[in-house]
Amino acid sequence: MILVVGGAGYIGSHSVRELLDQQYQVVVLDNLSTGHRDAVDSRAVFVEGNLGDLEVLNHVFSTYQIEAVMHFAANSLVGESVINPLKYYQNNVSATLTLLEVMLQHDVKKFIFSSTAATYGIPNVDLITEGTETNPINPYGQSKLMVEKVIHDCHLAYGLSYVVLRYFNAAGAHVTGEIGEDHTPESHLIPIILQHLLGQRENITVFGDDYSTHDGTCIRDYIHITDLAEAHILSLKSLLENNQLTETYNLGNGQGYSVKEIIEMCEKVTGIKANVIIGDRRPGDPASLIASSEKIYNNLHWKTKYNLEEIIQTAWNWHKNNPIGFQK
Ligand SMILES: NC(=O)c1ccc[n+]([C@@H]2O[C@H](COP(=O)([O-])OP(=O)(O)OC[C@H]3O[C@@H](n4cnc5c(N)ncnc54)[C@H](O)[C@@H]3O)[C@@H](O)[C@H]2O)c1
Ligand SMILES: O=c1ccn([C@@H]2O[C@H](COP(=O)(O)OP(=O)(O)O[C@H]3O[C@H](CO)[C@@H](O)[C@H](O)[C@H]3O)[C@@H](O)[C@H]2O)c(=O)[nH]1
């Protein structure tokens, strides 16, 4: 079985769905701190608990025959990490050490870790490769980079085999419209715009239009959640075939869109005009983050299937049909 830690969250729940659709058996461990029980596919075993809890972990690893672990659970609000760094080092780093310890005690040595473009900080290249220097500028990015280093040391010392996936901006929803993004508070651009277009917010604030980009607003690389999920499956397959894997991959579309372009695409998809306010820059936002995902294309033949319009269309279907998310 595959243990998915954080499988009730946005990216985890879509990966669980993909794993089950591809005939893997799945156990989800999640404390529901930001995730939703209803996001977890009913075909998966669900264990409610904390990833830093030795007792729960020992129960999971001794009850189920776990072949590999996908680890999505984390706190991931950049602003909050600056104000409350210990929460981030505690949940993202310390609890992960407990997970790794129990995994290794149970001789489970295959690990897929959700990392982030935030490990690069403010890169001085147009297209970020895995070789681009990592220099996180906030505790969130720092906590992810720390875990990356721990994982590598566990490889050297205990033979842990791993794939680190550095996601760029995850977006969109499952094509069925059955699961999608539901964060409280919501901080991500696309759901915020769509909530506004649904009448749930009065306006959208663009965080700065004086960046050195073609229209002055920040550029990001948006990637569909199912494309991310597929990258996890391919990574899992490569791990199951190789006991000594130590790979790090960027996951993005390789194409950047500005905040203004995202708003325009949301208006096009929904046919509704947005009420846009230009605000101040949000501290810690790099002007542009675009991934080169050449490495995973070359090594695992991964290709993205969804373009920006399709990403926004699937997100719109989800928000329109579930205006209060998973709440019933
Ligand atoms: N959303 C993005 O654009 C993005 C980009 C880069 C990286 N990431 C990373 O991807 C991963 C998933 O992100 P997401 O957007 O799905 O977040 P999410 O908050 O929707 O999901 C995280 C899940 O982990 C669970 N969790 C948190 N702490 C836990 C703990 N101690 N024990 C058990 N469960 C716990 C939460 O309840 C939630 O279900 C995170 O590690 C995040 O840092 C996300
Ligand atoms: O109301 C809003 C919300 C966002 N933005 C801008 O939109 C862009 C995208 O912002 P957001 O959706 O919050 O994503 P990021 O800050 O780029 O961070 C996401 O993508 C990173 C990787 O690129 C991950 O590390 C993070 O976890 C994930 O939240 C940024 O320029 C923001 O300044 C606005 O202008 N107005």
Side-chain angles (χ1 to χ4, degrees), residues 1-9 11-13 15-31 35 40-41 43-74 89-115 143-166 228-249 296 299-300:
M1 290 183 103
I2 309 302
L3 173 63
V4 181
V5 185
I11 304 175
S13 61
S15 299
V16 166
R17 177 91 185 221
E18 206 57 34
L19 281 165
L20 292 162
D21 287 347
Q22 297 197 29
Q23 315 310 323
Y24 291 94
Q25 291 182 309
V26 175
V27 187
V28 170
L29 172 66
D30 199 298
N31 66 0
V40 182
D41 193 296
R43 292 170 290 173
V45 174
F46 180 72
V47 178
E48 185 172 345
N50 195 310
L51 87 107
D53 184 332
L54 272 176
E55 210 176 307
V56 172
L57 288 172
N58 275 315
H59 160 75
V60 169
F61 282 96
S62 43
T63 309
Y64 305 101
Q65 195 74 38
I66 308 293
E67 280 177 281
V69 177
M70 289 188 184
H71 178 27
F72 295 91
Y89 292 122
Q90 178 59 46
N91 203 35
N92 297 2
V93 183
S94 176
T96 299
L97 301 185
T98 311
L99 171 66
L100 285 165
E101 214 169 277
V102 178
M103 270 179 67
L104 291 163
Q105 276 163 8
H106 289 263
D107 208 28
V108 177
K109 294 193 173 175
K110 294 175 189 288
F111 195 59
I112 299 181
F113 178 61
S114 300
S115 190
S143 71
K144 291 288 182 172
L145 191 59
M146 283 180 179
V147 173
E148 288 193 15
K149 293 192 173 158
V150 169
I151 294 170
H152 189 66
D153 287 342
C154 288
H155 163 72
L156 297 175
Y158 318 116
L160 182 77
S161 188
Y162 69 83
V163 179
V164 165
L165 297 173
R166 292 181 180 152
L228 279 185
E230 186 56 30
H232 285 77
I233 308 271
L234 293 173
S235 300
L236 174 65
K237 285 183 179 154
S238 71
L239 271 178
L240 295 177
E241 283 163 8
N242 184 337
N243 291 331
Q244 290 301 321
L245 213 57
T246 58
E247 289 291 5
T248 298
Y249 294 121
I296 188 164
N299 287 8
L300 302 184

Inter-residue atom distance [X].[atom1] - [Y].[atom2], 0.5 Å rounding:
{"X": "E101", "Y": "L54", "atom1": "CD", "atom2": "CG", "result": "7.0 Å"}
{"X": "I66", "Y": "L3", "atom1": "CD1", "atom2": "CG", "result": "5.0 Å"}
{"X": "L19", "Y": "I233", "atom1": "CG", "atom2": "CD1", "result": "4.0 Å"}
{"X": "H152", "Y": "T248", "atom1": "NE2", "atom2": "OG1", "result": "9.0 Å"}
{"X": "L165", "Y": "L228", "atom1": "CG", "atom2": "CG", "result": "8.5 Å"}
{"X": "I2", "Y": "I112", "atom1": "CD1", "atom2": "CD1", "result": "8.0 Å"}

Closest heavy-atom pair and its distance - [X], [Y]:
{"X": "S13", "Y": "A8", "answer": "CB-C, 4.4 Å"}
{"X": "V163", "Y": "S238", "answer": "CG2-OG, 4.3 Å"}
{"X": "L236", "Y": "A68", "answer": "CD1-CB, 3.6 Å"}

Could you list the residues that satisfy side-chain hydrogen bond (donor to acceptor under 3.5 Å, both in side chains) with [X], not counting sequence neighbours?
{"X": "K110", "result": "N243"}
{"X": "N31", "result": "S33"}
{"X": "T63", "result": "H59"}
{"X": "S115", "result": "E148"}

Determine whether V56 and N50 satisfy the following criterion, side-chain contact (heavy atoms from CB on, under 4.5 Å), listing intermediate values before the conclusion. CA-CA 7 Å; V56 172; N50 195 310; over 6 Å; no
Salt bridge (Lys or Arg N to Asp or Glu O under 4.0 Å) partners of residues 237-248, not counting sequence neighbours, each pair once: E247-K295
Once salt bridge (Lys or Arg N to Asp or Glu O under 4.0 Å) is applied, what residue pairs with a partner in residues 46-63 remain, sequence neighbours excluded? none
So do the side chains of L51 and T98 get within less than 4.5 Å of each other, counting heavy atoms only? no
As a quick check of understanding, evaluate side-chain contact (heavy atoms from CB on, under 4.5 Å) for Y24 and V4, giving each step before the final call. CA-CA 11 Å; Y24 291 94; V4 181; over 6 Å; no
For F113, all residues meeting ring pair (Phe, Tyr, Trp, His ring centres under 6.0 Å), sequence neighbours excluded: H71
State which residues pass ring pair (Phe, Tyr, Trp, His ring centres under 6.0 Å) with F46; sequence neighbours excluded, sorted by chain then number. none
Once side-chain contact (heavy atoms from CB on, under 4.5 Å) is applied, do any residues pair with [X], and if so which ones, sequence neighbours excluded?
{"X": "Y158", "answer": "L104, C154"}
{"X": "A229", "answer": "S15, E18"}
{"X": "N242", "answer": "Q244, L245"}
{"X": "L20", "answer": "V16, V26, D41, R43, A44"}

Is there a donor-acceptor pair under 3.5 Å between the side chain of H155 and the backbone N or O of S161? no
Quick one: does any side-chain atom of Q23 pair with a main-chain N or O of D21 as donor and acceptor, under 3.5 Å? yes
Run the side-chain contact (heavy atoms from CB on, under 4.5 Å) test on D30 and V40 for me, step by step, so that the C-alpha distance in whole Å, both residues' side-chain angles and the decisive distance to 0.1 Å come before the verdict. CA-CA 10 Å; D30 199 298; V40 182; over 6 Å; no
Can you tell me if CD on Q22 sees more than 12 non-hydrogen neighbours from other groups inside 6.0 Å? yes
Just checking Q65: does its CD atom have more than 12 heavy atoms from other residues, nucleotides or ligands closer to it than 6.0 angstrom? no
When you look at V69 and Y162, which way does the side-chain contact (heavy atoms from CB on, under 4.5 Å) test go after all the steps? CA-CA 10 Å; V69 177; Y162 69 83; over 6 Å; no
Apply ring-ring contact (aromatic ring centres under 6.0 Å, His included) to residues H232 and F72 and explain how you reach the verdict. CA-CA 11 Å; H232 285 77; F72 295 91; 4.9 Å; yes
